[in-house]
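What follows is one structure encoded as structure tokens, with my remarks underneath.
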Number of protein chains: 2
Amino acid sequence: MSSVSFIGLGGMARAIAARAIAGGNSVELVGRDAAKAKDLAAEFGGGATVGTFGTVPAGDIVVLAVPYTSAVAVVTQYGDALAGKVIIDISNTFDADATGLITPDGTSGAQEIAKAAPASAHVVKAFNTVFGHVLAKNRPLDVLFAGDDARAKAEASTFIESLGLRPLDVGGLQMARWLEGVGPLLMGLARHGAGTFDIALGVNVLG
Amino acid sequence: MSSVSFIGLGGMARAIAARAIAGGNSVELVGRDAAKAKDLAAEFGGGATVGTFGTVPAGDIVVLAVPYTSAVAVVTQYGDALAGKVIIDISNTFDADATGLITPDGTSGAQEIAKAAPASAHVVKAFNTVFGHVLAKNRPLDVLFAGDDARAKAEASTFIESLGLRPLDVGGLQMARWLEGVGPLLMGLARHGAGTFDIALGVNVLG
């Protein structure tokens with residue numbers, strides 16, 4: 001069981017938090033709008049607590065579930081309140097057309113977030129390759145993740161497994177660039193090859 | 001049935017050509033080393049013809065199966081000999097560590113190849129997200145592809161289906177950047193999350 005705080009209350013936070021509660025984790029919900037956090041906690045039937053935005057989160061794991069365009073600012077505002085935390089960055093960074101990324105070459109959203117976080121915090125990129133509405137279907141899915149700190153990755157991996165999902169390590173945090181590149185690919189697949197957004201990327205290990 | 005020429009005689013060419021012959025396509029093998037092309041054709045038991053490097057390929061589809069580091073030079077050398085062809089670029093463009101790409105931001109191997117090709121040729125990116133040794137296992141797999149020309153994409157798609165593979169369109173040729181980014185991801189998965197190179201990326205369409 002992990003202790004997990006969600007910063008941000010959108011569709012992805014809701015989908016992951018619901019699975020987190022079902023998986024027996026301790027869940028805290030945090031948003032700028034405290035009333036919204038309370039409403040969501042109530043929806044979850046008491047399975048989650050509510051925290052205060054900008055203060056030290058209760059969870060050892062912090063799921064940063066705000067749009068990438070505000071993620072660095074939120075982490076900067078939190079500052080030392082995130083010291084020692086495992087920060088799971090779930091953001092997608094694709095542009096308005098969903099064909100390119102808004103972060104420049106040689107970096108990624110996850111790496112930019114890591115730069116803004118306290119040195120004692122460790123960023124793990126995960127979940128951005130899964131659509132929120134697909135996560136909400138409660139199926140087993142593959143979750144690709146990347147990070148530089150082995151212990152933080154192990155904690156993230158345990159958490160992902162507790163959600164009924166298969167964690168698949170792709171390497172160091174610089175690999176977040178290519179995980180974020182899966183965002184446009186999934187959008188393109190949905191619009192062209194698959195013809196539906198009800199799709200999930202998977203990895204088959206061949207016998 | 002498609003008429004397909006392979007330029008390059010490495011493991012990927014061998015794997016795709018074997019499936020192409022099994023799928024009833026007309027196959028031509030072309031390499032700088034004509035003897036090697038003849039040997040491979042003989043291995044295929046007469047199922048393939050042998051062409052001359054640098055001259056007009058017999059196939060309407062040309063699978064460019066040389067390493068990316070020589071691909072632009074080969075296309076430039078061919079010049080107008082590739083006029084009107086559907087060029088399938090299968091190259092991976094990752095660096096020696098397989099963590100980054102050797103092409104700069106805002107472009108891709110496929111787009112660089114398209115720049116070097118005659119205006120009447122159309123480049124389709126495909127197959128780079130599948131390991132050659134996995135293709136050789138003769139299983140049904142997903143092949144993600146991208147391109148700008150609808151007719152060229154339709155021809156590539158028909159060809160991919162003839163190999164017992166599922167073609168999945170991800171959009172325009174600029175999406176090749178993110179298909180090429182799957183290269184490092186697969187390498188990272190093999191080394192970290194999956195622990196084996198016997199893996200295949202797949203897309204599940206959820207009911």
Side-chain angles (χ1 to χ4, degrees), chain A residues 94 97-101 103-108 129 131 133-134 137 139-147 153 157 166-207, chain B residues 94 97-101 103-108 129 131 133-134 137 139-147 153 157 166-207:
Chain A
F94 51 76
D97 290 337
T99 55
L101 300 182
T103 51
D105 200 21
T107 189
S108 61
T129 64
F131 287 129
H133 73 277
V134 172
K137 288 181 194 285
R139 305 219 188 167
L141 301 166
D142 287 340
V143 172
L144 280 58
F145 71 96
K153 284 168 82 163
S157 184
R166 182 169 65 155
L168 288 168
D169 185 356
V170 299
L173 199 62
Q174 72 189 119
M175 300 299 284
R177 177 77 180 171
W178 312 121
L179 288 178
E180 292 169 15
V182 172
L185 279 183
L186 280 176
M187 294 294 284
L189 272 166
R191 291 168 172 173
H192 298 91
T196 170
F197 284 86
D198 285 341
I199 55 174
L201 198 74
V203 177
N204 300 313
V205 180
L206 308 173
Chain B
F94 51 76
D97 290 337
T99 55
L101 301 183
T103 50
D105 198 22
T107 188
S108 62
T129 63
F131 287 129
H133 72 276
V134 172
K137 288 182 194 286
R139 305 220 187 165
L141 301 165
D142 287 341
V143 172
L144 280 59
F145 70 96
K153 284 168 80 163
S157 184
R166 181 168 66 156
L168 287 168
D169 186 357
V170 299
L173 199 61
Q174 73 190 120
M175 300 298 285
R177 177 77 181 171
W178 312 121
L179 287 178
E180 292 169 15
V182 171
L185 280 183
L186 279 176
M187 294 293 284
L189 272 167
R191 291 168 174 173
H192 299 90
T196 170
F197 284 86
D198 286 340
I199 55 174
L201 198 74
V203 177
N204 300 313
V205 180
L206 308 172

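Naming: A, B, ... by sequence-line order, numbering from 1 per chain.
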Less than 4.5 Å to any heavy atom of chain B: does that hold for the side chain of A/T99, its backbone, both, or neither? both

Under 4.5 Å from any heavy atom of chain B, what part of A/L186 do you find: side chain, backbone, both or neither? neither

Please report the closest heavy-atom contact between B/G181 and A/W178, naming both atoms and the distance. O-CB, 3.3 Å

How many angstroms lie between atom [atom1] of [X] and atom [atom2] of [Y], to the nearest 0.5 angstrom?
X      : Y      : atom1 : atom2 : value
B/L141 : A/L206 : CG    : CG    : 7.0 Å
A/M175 : B/M187 : CE    : CE    : 9.5 Å
A/T103 : B/D105 : OG1   : CG    : 8.0 Å
B/H192 : A/L168 : NE2   : CG    : 12.5 Å
B/L101 : A/R177 : CG    : CZ    : 9.0 Å

Residue part contacting chain A, namely of B/A98, when any heavy atom lies under 4.5 Å: backbone

Part of B/R166 within contact of chain A (heavy atom distance under 4.5 Å): neither

Any side-chain heavy-atom pair from [X] and [Y] closer than 4.5 angstrom?
X      : Y      : value
A/D198 : B/V205 : no
B/L189 : A/V203 : yes
B/L179 : A/L185 : yes

Which of B/I199, B/L201, B/N204 touches chain A most, by non-hydrogen pairs under 4.5 Å: B/N204

Output the option from B/S157, B/A194, B/G183, B/G171 having the highest count of non-hydrogen pairs under 4.5 Å with chain A. B/G171

